[in-house]
Amino acid sequence: MKVVIVGAGAVGLLLACILDEAGAAVQVLARQKQQARIINEQGIIKDGHRHNVPAFTEWTEIPSDAFILLAVKYDALDELVPALKRYAPYNPVVFLQNGMLHLRVAEGLPHGDIAAASVEHGALKISGNEVRHTGNGTVKWALLKGRQQKFLPFTKLEGFRAEWHEDADRLLFRKVLLNGIINPLTAITALKNGELVTNPYAFELMQRVYAELDRAFPEIKTLLPFEEVTALCKATAENKSSMLMDRQAGRKMELDTIVLYLLERSPIELPLLKAFYQLLKSIEV
């Protein structure tokens, strides 16, 4: 199986190593030539172990029979779409973004086989070629367009924990709800995931956000029971959410594809979540 991972951030580097360990022929399409050079010279280092995964920067080098995994943030997709259409119009494509706005991008692609995946591993980028696996998890897949059987080989790779889901909206919306509860609160308070449970004031706020989402989306009780939210916080207690790390690094936060999406999808007003959104947007300006 040939796989090209577009994007050499934390998730891209981690997946490159995990898929390499599972026996896939993995390559990384990096944005910067310097990063590609370092990866080619030193490999990708995951938890101290080197993975000799080739890297390049030109779309013309993508094999015509490779899976393309888009491991970039939602805001970077617009820049990639023209190259994706021009240089890889027949490759099967997998979207790995947080949120759900990327589904609109997928709808506009001419590709015959498109899937989405939810990456539930924890990853921390240390340098341009080094990543730390901060939480072992599963990659959950769902079909957006085309043939399901095209992507099923990912669920059969030895050592690669994967699950297939029949309902893409249900799969992705669950993660949006989860991120909508945890990420804005951590970005505002600068608390780690586990501290949302141990800090009584943060815990009360988290309960209030969940209750607000429950009024808007009653299906949350089955999709994402509150006990699962707290369990995840405890399991990743020392982790910082991606939104908090973006804020601390001065990068644009994924507010629109997570929080704004929930505000727009909701049939009722979500005053607390809207306040979080406006507060974080004011910080970002």
Side-chain angles (χ1 to χ4, degrees), residues 1-98 102 105-106 108-111 114 117 119 121-134 139 154 160 240 242-243 245-254 257 284:
M1 176 192 292
K2 297 179 183 177
V3 179
V4 173
I5 297 176
V6 179
V11 172
L13 293 176
L14 179 65
L15 283 181
C17 294
I18 294 175
L19 286 167
D20 178 60
E21 292 168 354
V26 188
Q27 296 174 289
V28 172
L29 175 57
R31 184 175 184 178
Q32 303 293 335
K33 291 183 178 180
Q34 181 180 6
Q35 186 182 19
R37 178 181 58 79
I38 293 173
I39 291 173
N40 286 326
E41 291 176 354
Q42 303 177 13
I44 300 175
I45 311 300
K46 178 175 79 72
D47 300 333
H49 299 285
R50 174 171 174 164
H51 294 261
N52 294 314
V53 174
F56 55 90
T57 59
E58 298 298 327
W59 282 80
T60 53
E61 297 185 41
I62 295 179
S64 60
D65 56 346
F67 289 91
I68 297 179
L69 273 57
L70 299 176
V72 299
K73 291 189 175 181
Y74 167 74
D75 288 333
L77 288 176
D78 283 345
E79 183 182 340
L80 300 181
V81 165
L84 187 61
K85 290 180 178 179
R86 180 176 181 183
Y87 298 110
Y90 305 110
N91 295 68
V93 177
V94 183
F95 286 82
L96 301 173
Q97 288 65 42
N98 285 326
H102 58 279
V105 179
L109 290 180
H111 297 69
I114 304 176
V119 180
H121 290 272
L124 177 64
K125 185 178 177 181
I126 306 299
S127 68
N129 71 316
E130 185 174 356
V131 65
R132 184 179 302 154
H133 195 179
T134 59
V139 181
F154 282 100
F160 183 70
K240 295 180 179 180
S242 59
M243 194 173 288
M245 289 192 290
D246 284 342
R247 181 189 171 184
Q248 292 179 332
R251 297 187 296 260
K252 185 175 182 180
M253 294 175 278
E254 293 178 304
T257 191
E284 196 173 59

Asker: Taking the side chain as C-beta and beyond, is there a heavy-atom pair between Ile18 and Val139 under 4.5 Å?
Answerer: no

Asker: Answer yes or no: are there more than 12 heavy-atom neighbours, outside Lys125 itself, under 6.0 Å from its atom NZ?
Answerer: yes

Asker: Start with the C-alpha distance between Ile62 and Phe56, add both sets of side-chain angles, then the distance that settles side-chain contact (heavy atoms from CB on, under 4.5 Å), and finish with yes or no.
Answerer: CA-CA 9 Å; Ile62 295 179; Phe56 55 90; 4.0 Å; yes

Asker: Using side-chain contact (heavy atoms from CB on, under 4.5 Å), reason through Leu19 and Leu69 one step at a time and then give a plain yes or no.
Answerer: CA-CA 11 Å; Leu19 286 167; Leu69 273 57; 4.1 Å; yes

Asker: What distance do Asn129 atom CG and Gln35 atom CD have between them, rounded to the nearest 0.5 Å?
Answerer: 8.0 Å

Asker: Which heavy atom of Val26 sits nearest to which heavy atom of Val53, and what is that distance?
Answerer: O-CG1, 3.4 Å

Asker: Just so I know, are the side chains of Val28 and Ile44 near enough to count as touching, which here means a heavy-atom distance under 4.5 Å?
Answerer: yes

Asker: When Asp246 is tested against each of Lys252, Arg251, Lys240 for side-chain hydrogen bond (donor to acceptor under 3.5 Å, both in side chains), which residue passes?
Answerer: Arg251

Asker: Is it true that, when you exclude Arg37 itself, more than 12 heavy atoms of the residues, nucleotides or ligands shown sit nearer than 6.0 Å to its CZ?
Answerer: yes

Asker: Would you say Gln34 has more than 12 foreign heavy atoms packed within less than 6.0 Å of its CD?
Answerer: no

Asker: For a quick test of reading the model, state the closest non-hydrogen atom pair linking Ser127 to Leu13 and the distance between them.
Answerer: O-CD1, 4.1 Å

Asker: Measure across Leu14 and Ala123 and return the closest heavy-atom pair with its distance rounded to 0.1 Å.
Answerer: CD2-CB, 3.6 Å

Asker: Any chance you could measure Lys46, atom NZ, to Leu15, atom CG, to the nearest 0.5 Å?
Answerer: 11.0 Å

Asker: If I compare all heavy atoms of Val72 with all of Gln97, which pair ends up nearest, and what's the gap?
Answerer: O-NE2, 2.6 Å

Asker: Side-chain contact test, heavy atoms from C-beta onward, threshold under 4.5 Å: evaluate it for Val3 versus Gln27 and give yes or no.
Answerer: no

Asker: Test side-chain contact (heavy atoms from CB on, under 4.5 Å) on Glu21 and His51 and set out the steps.
Answerer: CA-CA 8 Å; Glu21 292 168 354; His51 294 261; 3.1 Å; yes

Asker: If you look at every heavy atom in Asn98 and Glu254, which pair is closest and at what distance?
Answerer: ND2-OE1, 3.0 Å

Asker: Could you walk me through whether Thr57 and Arg31 pass the side-chain contact (heavy atoms from CB on, under 4.5 Å) check?
Answerer: CA-CA 6 Å; Thr57 59; Arg31 184 175 184 178; over 6 Å; no

Asker: I'd like to check Met245 versus Leu124 (side-chain heavy atoms, cut-off strictly below 4.5 Å). Are they in contact?
Answerer: yes

Asker: If you draw a 6.0 Å radius around CD in Gln32, do more than 12 non-hydrogen atoms from other residues or ligands fall strictly inside?
Answerer: no

Asker: Among Leu96, Leu77, Val94, find the residue that satisfies the side-chain contact (heavy atoms from CB on, under 4.5 Å) test when tested with Leu70.
Answerer: Leu77

Asker: Where is the tightest heavy-atom contact between Pro89 and His111, given as atom of each residue plus distance?
Answerer: O-CD2, 3.3 Å

Asker: If the plane angle is over 60° it's perpendicular, under 30° parallel, otherwise tilted; pick one for Phe154 and Phe67.
Answerer: perpendicular

